[in-house]
Amino acid sequence: MSNLRKNTNLLVEEKPLFGLSSADLVGLMERLGQRPYRATQLHQALYRQRITSLDQATTLSQALRDTLTAEGYILGLPEIVQTARSVDGTERYLIRMADGETVETVWMPDGDGGERGDGSQAAEEEEVEDSEVRAGKSAAGFPYRRSTICVSSQVGCAVNCQFCLTAKLGIRRNLTAGEIAGQVAAVLNRHNVELGSTRGNYSPARINLVFMGMGEPFLNFANFMAAVRLLTHMPIPESRMTVSTSGILPGILDFAKEPIRPKLAVSLNASNDQIRESIMPITRKWNIAALLDAIATIPLRTREWITFEYVLLGGINDSLQHADELIALVSGTRSKINLIVWNAGPNMPFHEPPQSGVLAFQKRIMAAGIPAYIRRPRGRDIYAACGQLKRTVEAPAALIEIAPSSVSA
Ligand code: SAH
Ligand code: SF4
């Protein structure tokens, strides 16, 4: 993955700074004979200031920046190389890593993907705040906006869910912590978002992250969690992050022990093992009962729910009988259901359920006292919706632009 670069007649390995933890940076500065506060300054420049070149780290002396460069250090921030914009405002980015591999990241202004509209207390509070802003009653002295970024965790995916386009890629490699957090930094820079301050285009608390892009985060667990920790320094509170897993048991058990962790969404997608096996072969390794047992080990915080995602596939898992089975499965867990109407992909043997069926399915679950929400599809026209991420340039050419390095929102 590392690149070699010719540097004063020597070949040195290029090493990204973005992605290093504060402990890593302290170690680096020690090795370079620098005082520890230099590590803090560099940490701030990387994650708070979100510098886009090492030259911008002006709190460090020129000599120190030169030393870092001579040692092969580069900033190593992933780069947006292509953008597609949907009629609904969603933007899908093709983001390139240092070795040329690419992933997709999605920006959903005023959108959710897992948070808003999900019935959580946070979403309800946001509704009230928003109406106050509309009525001009908000104390906020800055533009009051919200956005959700959908982040990828791997290049491709190994899990092979039959209804998902990302699965068609197979797995190419894991992303590093810097590459996961770097997608967020690149997108925030593009939209001129200043976190942790009241300047800029977005309120500090208004950026939500969903780890629901390409890949299975819990098959890249250590890097994923390291990225979460970096992101909290930007700062984005972990309470504004949701990670979705297809049900990787060891990952869920490790996740349960993490002191700082996002909220959890689990892609259940079927009401019994037989159906789940046919659409998610991973069920043969860990069945639904084992999955629910693992989820039960997670110590839920106040006002925290587990979200069960359920992709509705017409004629496969969308009958009222399936709804009843689903209710029986989840009623032992403090949970809510996020219904996702299947987003079509080419040559896939599924079809969208009729809208009346979707509404009836939701109603049945709600009647059992379990909150159920229908996820609004975002960016379908540019293949940015759930399960459509495939490093694609299949969107109509007119929607694709080669991204300028930065534009304001
Ligand atoms: N790999 C993780 C996170 C990424 S997928 C996981 O599977 O949970 C995010 C969500 O999109 C999952 O709930 C998945 O079931 C759903 N999904 C995948 N393909 C889809 C499709 N074609 N239409 C609708 N939802 C889909
Ligand atoms: Fe991977 Fe999630 Fe797609 Fe399944 S739904 S193949 S786990 S990205």
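Whatever order the structure lists ligands and atoms in, that order sets their numbers, starting from 1. Because the structure is a prediction, the values reported are computed rather than measured. These values consider heavy atoms only, across backbone and side chains, with no hydrogens, waters or symmetry-generated copies.
Shortest contact from atom 21 (C) of ligand 1 to any protein heavy atom: C386 O, 3.3 Å. Nearest non-hydrogen protein atom to atom 3 (Fe) of ligand 2 is C164 SG, 2.4 Å. The nearest heavy-atom contact from the protein to atom 19 (N) of ligand 1 is G387 CA, 3.0 Å. Among all protein heavy atoms, the one lying closest to atom 9 (C) of ligand 1 is M212 O, 3.7 Å. From the protein, the heavy atom lying nearest to atom 16 (C) of ligand 1 is V311 CG2, 3.8 Å. Taking atom 15 (O) of ligand 1 as the reference point, the nearest protein heavy-atom neighbour is N269 ND2, 3.0 Å. Remark: minimum distance from atom 2 (Fe) of ligand 2 to any protein heavy atom is reached at G215 O, 4.5 Å. Of the protein's non-hydrogen atoms, the one nearest atom 4 (Fe) of ligand 2 is C161 SG, 2.4 Å. Of all protein heavy atoms, the one closest to atom 10 (C) of ligand 1 is E309 OE2, 3.9 Å.
Of all atoms in ligand 2, listed by their number and element, those nearer than 4.0 Å to a heavy atom of C157 are 1 (Fe), 6 (S), 7 (S), 8 (S). Ligand 1 places these atoms under 4.0 Å from at least one heavy atom of T245: 6 (C), 8 (O). The contact set between ligand 1 and S267, taken as ligand atoms under 4.0 Å from a residue heavy atom, comprises 6 (C), 7 (O), 8 (O), 12 (C), 13 (O), 14 (C), 15 (O). For ligand 2 and S246, the ligand atoms under 4.0 Å from any heavy atom of the residue are 7 (S). Close contacts of ligand 1 with S246, meaning ligand atoms under 4.0 Å from a residue heavy atom, involve 6 (C), 7 (O), 8 (O). Near A167, meaning under 4.0 Å from one of its heavy atoms, ligand 2 places the atoms 6 (S). Each of the atoms 1 (N), 2 (C) of ligand 1 lies under 4.0 Å from some heavy atom of E216.
Side-chain contact between M280 and F163 is present, with at least one heavy-atom pair separated by less than 4.5 Å. No side-chain heavy atom of L54 sits under 4.5 Å from any side-chain heavy atom of I74. At least one side-chain heavy atom of E258 sits less than 4.5 Å from a side-chain heavy atom of F221. By the 4.5 Å heavy-atom criterion applied to side chains, T245 and L264 are counted as neighbours. Looking at heavy atoms from C-beta onward, Q49 lies out of side-chain contact with H43 at the 4.5 angstrom threshold. For the pair Q34/L64, a side-chain contact is recorded, criterion being any heavy-atom separation below 4.5 Å from C-beta on. With contacts defined as side-chain heavy-atom distances shorter than 4.5 Å, the pair E104/Q82 does not qualify. No side-chain heavy atom of V210 sits less than 4.5 Å from a side-chain heavy atom of V151.
At a 4.0 Å cut-off, at least one heavy atom of G213 sits close enough to ligand 1 to count as contact.
When atom types are taken as modelled, the side chain of H233 and the backbone of L230 share no donor-acceptor pair closer than 3.5 angstrom. Looking at D254, its side chain never comes within 3.5 Å of a backbone N or O of G251 through a donor-acceptor pair.
Of the heavy atoms in N343, both backbone and side-chain atoms come closer than 4.0 Å to ligand 1. At a heavy-atom cutoff of 4.0 Å, ligand 1 is contacted by no atom of T166, backbone or side chain.
At least one N or O atom of G215 sits closer than 3.5 Å to an N or O atom of ligand 1. In terms of polar-atom proximity, R375 is not counted as a contact of ligand 1, lacking any N or O under 3.5 Å from an N or O of the ligand.
A side-chain donor-acceptor contact under 3.5 Å links S246 and E216. S267 and N269 share no donor-acceptor pair across their side chains, judged by distance under 3.5 Å alone.
The residue from C164, S244, S153, C150 that puts a heavy atom closest to atom 3 (C) of ligand 1 is S244. When the heavy atoms of V159, L165, L169 are ranked by distance to atom 7 (S) of ligand 2, first place goes to V159.
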**Report entry** Intermediate values then yes/no, side-chain contact (heavy atoms from CB on, under 4.5 Å), R92 and L389
**Finding:** CA-CA 9 Å; R92 172 169 56 76; L389 299 186; 3.9 Å; yes

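A tilted orientation is assigned to the rings of F255 and F218, their planes being inclined by 30° to 60°.
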